[in-house]
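Worksheet: the structure to be examined is printed underneath.
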Amino acid sequence: MAANNRRMSGKKGAQVGSGGQRRRGLEGKGPTPPAEMRKGHKKNRVANAKAKQAVRRPVARGRGGKGTSEMVVGRNPVVEALREGVPAVTLYVQQFIDNDERVREALQLVADRGGVHLMEAPRPELDRMTNGLNHQGLVLQVPPYEYAHPEDLANAAYDEGQDPLIVALDGVTDPRNLGAAVRSVSAFGGHGVLVPERRAAGMTAGAWKSSAGTAARTPVARCTNLTRALEAYKKQGIAVVGLAADGEHEIGDLEALGGPVVIVVGSEGKGLSRLVGETCDYRVRIPMPGGAESLNAGVAAGIVLYEAARRRG
């Protein structure tokens, strides 16, 4: 009888000892992944090739030059960067990743934005790319920022029939302060932010996030020597106003803020460097009756920009 049962094993219906394979085979496997993530699909091969090309592509030099490519690492940082509109080239997703709501949101944000490649990679490859950081299976490649030239900021103002209103940062190394300065310049109708090429914050993902999206419409220029760039502005008739705790003028008394002006903000700890301070036409202070010794660069820039915008009507 047992032999007969074995010979009849091809009959329809579940069999003893099947382990529920038939039932599990009918269960759903979740949504179909995008074509870019399906191994063997043409779009997956194209996305992989483009992603590798983007990583290896040499940095081009424009009028203000370009920054370097950056990696945002970890599920929360990647999702926050995508929410804030930080530019991105490629989202790398670990193979066989534990799919939680942050992973799903990251994939959805990339799909909604368009123009961002999806690339699946094994964990060892992501470990190598991030130098062993805890990437949690998500890595976002941010493209190099294309900086403007210092002349571009003033020219943009003249093209609009306006007096230039520019903020220059001297020795500010925190990208969040750079992003806050960009946000303030945008809020008060300024024409851009100038930063030195060395020993200064650049337009990283952190700066983009702090700018709350305004970096997309407010240019950041970069110069090799801040003192020479300020001298060039002075030759164009643009006043250079430096913020200093011991400044000779208060911001409310300085008429120059109503005309073409570059507002120079130093670091919170050291203030303006000696050469930059000597280059300024005016050194102004912000009265602080509360007794604080200093303000961070983003806050200080916002206060002086407000006064400049008020004088301009």
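Throughout, residue positions are numbered sequentially from 1 according to the sequence presented. Just so it is clear, the model here is predicted, and its values are computed rather than measured. Just the heavy atoms: all of them, side chains too, but no hydrogens, waters or symmetry mates, feed the values below.
Other residues, nucleotides and ligands contribute more than 12 heavy atoms inside 6.0 Å of the OH atom of Tyr158.
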message = Checking Val86 against Val72 for the side chain to side chain contact (heavy atoms under 4.5 Å, CB included) test, could you report, in this order, the C-alpha distance in whole Å, the side-chain angles of both residues, the deciding distance, and whether it holds?
response = CA-CA 10 Å; Val86 174; Val72 179; 5.5 Å; no
- Message: Run Val262 and Val264 through side chain to side chain contact (heavy atoms under 4.5 Å, CB included) and show every step you take.
- Response: CA-CA 6 Å; Val262 178; Val264 189; 4.3 Å; yes
- Task: List the steps, then state whether side chain to side chain contact (heavy atoms under 4.5 Å, CB included) holds for Glu250 with Arg285.
- Result: CA-CA 5 Å; Glu250 284 194 5; Arg285 63 184 184 274; 3.6 Å; yes
Q. Between Arg75 and Asp100, is a side chain to side chain contact (heavy atoms under 4.5 Å, CB included) present by the stated rule, with each step listed?
A. CA-CA 10 Å; Arg75 297 189 184 188; Asp100 66 6; 2.9 Å; yes
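Contact between Gly258 and Asp163 at its shortest, heavy atoms only, is O-OD2, 4.3 Å. Taking all atoms of both residues into account, the shortest heavy-atom contact from Val276 to Leu226 is CG2-CD2, 4.0 Å. Val89 and Pro143 make their closest contact through CG2-CB, 3.4 Å (heavy atoms, listed as atom of the first residue, atom of the second, distance). Closest approach of Glu84 and Ala212 over heavy atoms only: OE1-CA, 4.1 Å. Between Ala180 and Gly298, the shortest heavy-atom contact is CB-CA, 3.9 Å. For the pair Pro287 and Ile251, the tightest heavy-atom approach, listed with the atom from each and the gap, is CD-CG1, 4.5 Å.
Panel note: side chain Arg312, backbone Gly259; a donor-acceptor pair is recorded below 3.5 Å. Counting only distance, with no hydrogens or angles, the side chain of Arg113 and the backbone of Leu82 share a donor-acceptor pair below 3.5 Å. Checked by atom type and distance alone, the side chain of Tyr147 never pairs as donor or acceptor with a backbone atom of Gly202 at under 3.5 Å. Looking at Ser211, its side chain does come within 3.5 Å of a backbone N or O of Trp208 through a donor-acceptor pair. Between the side chain of Tyr92 and the main chain of Met129, no donor-acceptor pair closer than 3.5 Å is present. Asp152 contributes no side-chain N or O that, together with a main-chain N or O of Ala221, makes up a donor-acceptor pair within less than 3.5 Å. Side chain of Lys234 to main chain of Asp281: no donor-acceptor pair is present (N/O by atom type, distance under 3.5 Å, no hydrogens or angles). The main-chain N or O of Ala205 is found under 3.5 Å from a side-chain atom of Glu70 such that the two form a donor-acceptor pair.
Taken from CZ in Arg228 to OH in Tyr233, the straight-line distance is 14.5 Å, to the nearest 0.5 Å. Taken to the nearest 0.5 Å, the CG atom of Asn155 stands 11.5 Å off from the NE2 atom of His191. Here the CD-CD distance, from Gln94 to Glu125, works out to 11.5 Å after rounding to the nearest 0.5 Å. A distance of 13.0 Å separates CD1 of Ile263 from CG of Leu194, quoted to the nearest 0.5 Å. Leu295 contributes atom CG, which lies 9.0 Å from atom CG of Leu243 (distance to the nearest 0.5 angstrom). Atom CD of Glu120 and atom CD1 of Ile97 lie 9.5 Å apart (nearest 0.5 Å).
In this structure, Glu151 and His149 have side chains that are in contact, with non-hydrogen atoms separated by less than 4.5 Å. Side-chain contact check for His135 versus Asp127: some heavy-atom pair is nearer than 4.5 Å. A heavy-atom distance below 4.5 Å is found between the side chains of Pro219 and Leu153.
Leu272 and Val299 fall into different hydrophobic clusters, where Ile, Leu, Val, Met, Phe, Trp and Tyr are joined by side-chain heavy atoms under 4.5 Å apart, directly or via other members. In the hydrophobic cluster analysis, where Ile, Leu, Val, Met, Phe, Trp and Tyr join through side-chain heavy atoms closer than 4.5 angstrom, Val265 is grouped together with Leu254. By the criterion of side-chain heavy atoms lying less than 4.5 angstrom apart, applied directly or through intervening Ile, Leu, Val, Met, Phe, Trp or Tyr residues, Leu275 is not grouped with Val241; the two fall into different hydrophobic clusters. In terms of hydrophobic clustering, with Ile, Leu, Val, Met, Phe, Trp and Tyr side chains grouped at heavy-atom distances under 4.5 Å, Val195 and Val261 are assigned to a common cluster. In the hydrophobic cluster analysis, where Ile, Leu, Val, Met, Phe, Trp and Tyr join through side-chain heavy atoms closer than 4.5 angstrom, Ile166 is grouped apart from Leu305.
A salt bridge between Glu307 and Arg311 is present, with a side-chain N of the basic residue lying under 4.0 Å from a carboxylate O of the acidic one. Ion pairing between a basic and an acidic side chain is recognised when a charged N comes within 4.0 Å of a carboxylate O; Arg102 and Glu105 show no such pairing.
Across Leu169, Val172, Val182, a single residue satisfies side chain to side chain contact (heavy atoms under 4.5 Å, CB included) together with Asn177, and that is Val172.
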